[in-house]
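Along the sequence shown, residues carry numbers from 1.
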Amino acid sequence: MSHSLMPEIVRGRYAPSPTGTLHMGNLRTALLAWLFARSVSGEFILRIEDLDQPRMKPHATKQMIQDLQWLGLDWDEGPEGGPYAPYIQSERLEIYQNYLQQLQAAGLVYPCYCSRAEIQQAAAHLPPGIDGGARYPGTCRQLSDKQRRQYERQGRHPALRLRVADELTITFTDLLLGSQQQQVQQAVGDFILRRADGIFAYQLAVVVDDALMHLNQIVRGADLLSSTARQIVLYQLLGFPIPTFAHVPLIHNSQGQKLSKRIQSEGLVPLQVSNYTAAEVVGLLAHSCGLRDTPTEITAAQLADHYRQQPVTLLCDQLRTGSCT
C-alpha cells in the first residue's frame, strides 16, 4: 500500500495554562483528550500555554505535569522535547510573529486603539455577540494615518485585529455537538491577533501551534466551542489543514458555575491526602461523564484498552447521552 493511502495517525493534545492547580474539570478534560487519542492508538502531545505571563503562577507547570503523570496520562511529545519543539508557548513568540506578518502582508490586519470601555459603549446599540459579549463594531477599521498618529500621540498602544469579511460564515461538525455554524462578524466582529500589551492572542497562537505540531484531533472543554469558528478562519487564511473538534462537557459546582481556578476549585491534593489511588480518581472522572456505570476504580490504560476494542463513535455516544455532572 502506498504511503498516501495509509490511514492518518491521530495526533491529539492537552494544552493547559499554568495559572494555578488543575481542578477536577481540567483533569477530566485531560483524561478525555488523552482517551480520544489513545483509544485509536494515536499520539498525544502536552503543550504549555503560558502566553499571558502576568497570570502565570510559579511552579504551576511542574505541578500540572506531576498531576497528569500521577493519573497515568502519558504523552509522546511535550515540554521535555519532541520533533516540533518548543512545546511551551512563551518560547514560540518568534513563530507567532512570522505568521502575524504573513497576515499583515496580505492586508488583513489593522491597528485598533479602542479600550474595552470604549468598545462596550460603541457596541451598546448592537445586538450582543456570542456568549453575550460585546461585538467589536469596527471603530478603527478605516482609520486614516492622521487619526492613527493622533492616538499614538496620546500614548495609546494598538491591538492588532484581523479584518473579517462581513458575510463570512463558518460551518463545521463537532464530534460531540454535531453541526455548528457561526457568522463571525455578527458573533465577535474583527478579532484580536495581538493585544495592546504585545501579548499574542490565544486564537492565533493555538492555531499556529496545533498546525505546526501536526495535530489533527482537538478535544477540549465546551467553553471553547465559540472560539472554533475564529480559529477555522485562521486555519484557512494561513493555508493549514483543519483538524476535527470535540468539545466535551464541563464540570459544574453546586451553584451551577463551571469549575475554574478563579473560584478556587480543588484539585487532586484533597483526594491524595484522603488516600485515593489514581485508579479510583480515574474511575470517578469516567463515571462523572457517563463512561462508566459506577465510580469503580479503573486505570487510564485500562480505560483506553476498553475503548480500543470499540468504534470511536461509542465514546462520543456515551459522552452525549451520559449524565455529566
Side-chain angles (χ1 to χ4, degrees), residues 15 47 49-54 84-116 118-119 122-123 129-130 133-170 172 182-215 218 224 226-243:
R47 184 173 71 235
E49 298 196 337
D50 63 343
L51 280 179
D52 196 349
Q53 284 291 310
Y84 308 110
Y87 294 84
I88 299 174
Q89 284 190 330
S90 59
E91 299 175 11
R92 298 174 61 81
L93 304 185
E94 187 175 331
I95 298 171
Y96 307 139
Q97 182 63 31
N98 289 339
Y99 283 96
L100 175 62
Q101 288 173 345
Q102 283 189 30
L103 296 170
Q104 288 174 313
L108 296 170
V109 180
Y110 65 90
C112 171
Y113 298 87
C114 299
S115 68
R116 184 171 298 179
E118 288 169 337
I119 293 172
I130 200 163
R135 175 171 67 87
Y136 180 66
T139 308
C140 293
R141 208 178 200 207
Q142 304 296 339
L143 287 184
S144 66
D145 290 341
K146 180 180 179 181
Q147 289 171 312
R148 291 177 184 178
R149 287 194 296 269
Q150 287 175 337
Y151 278 127
E152 287 165 6
R153 280 196 296 270
Q154 295 170 11
R156 296 201 188 197
H157 298 285
L160 297 180
R161 290 186 181 271
L162 183 74
R163 193 183 302 273
V164 177
D166 290 343
E167 301 303 319
L168 177 64
T169 299
I170 296 295
F172 66 97
Q182 185 184 113
Q183 189 169 4
V184 181
Q185 269 296 343
Q186 289 185 357
V188 292
D190 296 338
F191 57 90
I192 290 177
L193 301 177
R194 195 181 71 195
R195 295 177 359 189
D197 59 7
I199 294 176
F200 287 99
Y202 167 77
Q203 310 298 353
L204 177 63
V206 74
V207 167
V208 170
D209 287 347
D210 287 344
L212 296 188
M213 294 174 187
H214 296 270
L215 299 172
I218 308 302
L224 292 170
S226 62
S227 295
T228 306
R230 277 169 279 174
Q231 291 165 19
I232 290 175
V233 171
L234 290 171
Y235 279 110
Q236 294 173 337
L237 291 174
L238 293 170
F240 293 142
I242 299 170

- Arg194: which of Leu204, Val109, Ile199, Leu160 passes side-chain contact (heavy atoms from CB on, under 4.5 Å): Leu160
- Which pairs, with at least one residue in residues 159-170 and sequence neighbours excluded, count as a salt bridge (charged side-chain N to carboxylate O under 4.0 Å, His left out)? Arg141-Asp166
- Message: I'd like to know whether CZ of Arg116 has more than 12 heavy-atom contacts from other residues, nucleotides or ligands below 6.0 angstrom.
- Response: no
- Might you confirm whether atom CD of Gln53 has over 12 heavy atoms from other residues, nucleotides or ligands at distances under 6.0 Å? yes
- Task: Could you please spell out the steps behind the side chain to side chain contact (heavy atoms under 4.5 Å, CB included) verdict for Tyr151 and Gln154?
- Result: CA-CA 5 Å; Tyr151 278 127; Gln154 295 170 11; 3.8 Å; yes
Considering non-hydrogen atoms only, spot the tightest contact between [X] and [Y] and give its length.
| X | Y | value |
| --- | --- | --- |
| Pro111 | Cys140 | O-CB, 3.6 Å |
| Ala196 | His157 | CB-O, 3.2 Å |
| Gly189 | Arg135 | N-CG, 3.7 Å |
| Leu143 | Gln147 | CA-OE1, 3.3 Å |
| Leu51 | Ala201 | CD1-O, 4.5 Å |
| Glu91 | Pro86 | OE1-CB, 3.3 Å |

- Query: Nearest 0.5 Å, what's the CG-CD1 distance between Asp210 and Ile218?
  - Reply: 4.0 Å
- Message: Working to the nearest 0.5 angstrom, can you tell me the gap between Thr139 OG1 and Asp190 CG?
- Response: 10.0 Å
Side-chain contact test, heavy atoms from C-beta onward, threshold under 4.5 Å: evaluate it for [X] versus [Y] and give yes or no.
| X | Y | value |
| --- | --- | --- |
| Leu162 | Leu234 | yes |
| Ile130 | Val188 | yes |
| Lys146 | Arg149 | yes |
| Arg47 | Leu215 | yes |
| Gln236 | Ile170 | yes |
| Tyr136 | Cys112 | yes |
| Arg230 | Val164 | no |

- If the plane angle is over 60° it's perpendicular, under 30° parallel, otherwise tilted; pick one for Tyr235 and Phe240. perpendicular
Which donor-acceptor pairs under 3.5 Å do the side chains of residues 99-106 make with protein atoms, sequence neighbours left out?
none

- Task: Could you note down all residue pairs passing ring pair (Phe, Tyr, Trp, His ring centres under 6.0 Å) where residues 191-210 supplies at least one of them, sequence neighbours left out?
- Result: Tyr96-Phe200
Set of salt bridge (Lys or Arg N to Asp or Glu O under 4.0 Å) partners for [X], sequence neighbours left out:
| X | result |
| --- | --- |
| Asp197 | Arg195 |
| Glu118 | Arg156 |
| Arg92 | Asp209 |

- Quick check: does any side chain N or O of Gln185 sit under 3.5 Å from a backbone N or O of Leu168, one acting as donor and the other as acceptor? no
- Task: Mind running side-chain hydrogen bond (donor to acceptor under 3.5 Å, both in side chains) on Tyr113 and Glu152 for me, showing each step along the way?
- Result: CA-CA 9 Å; Tyr113 298 87; Glu152 287 165 6; 2.6 Å; yes
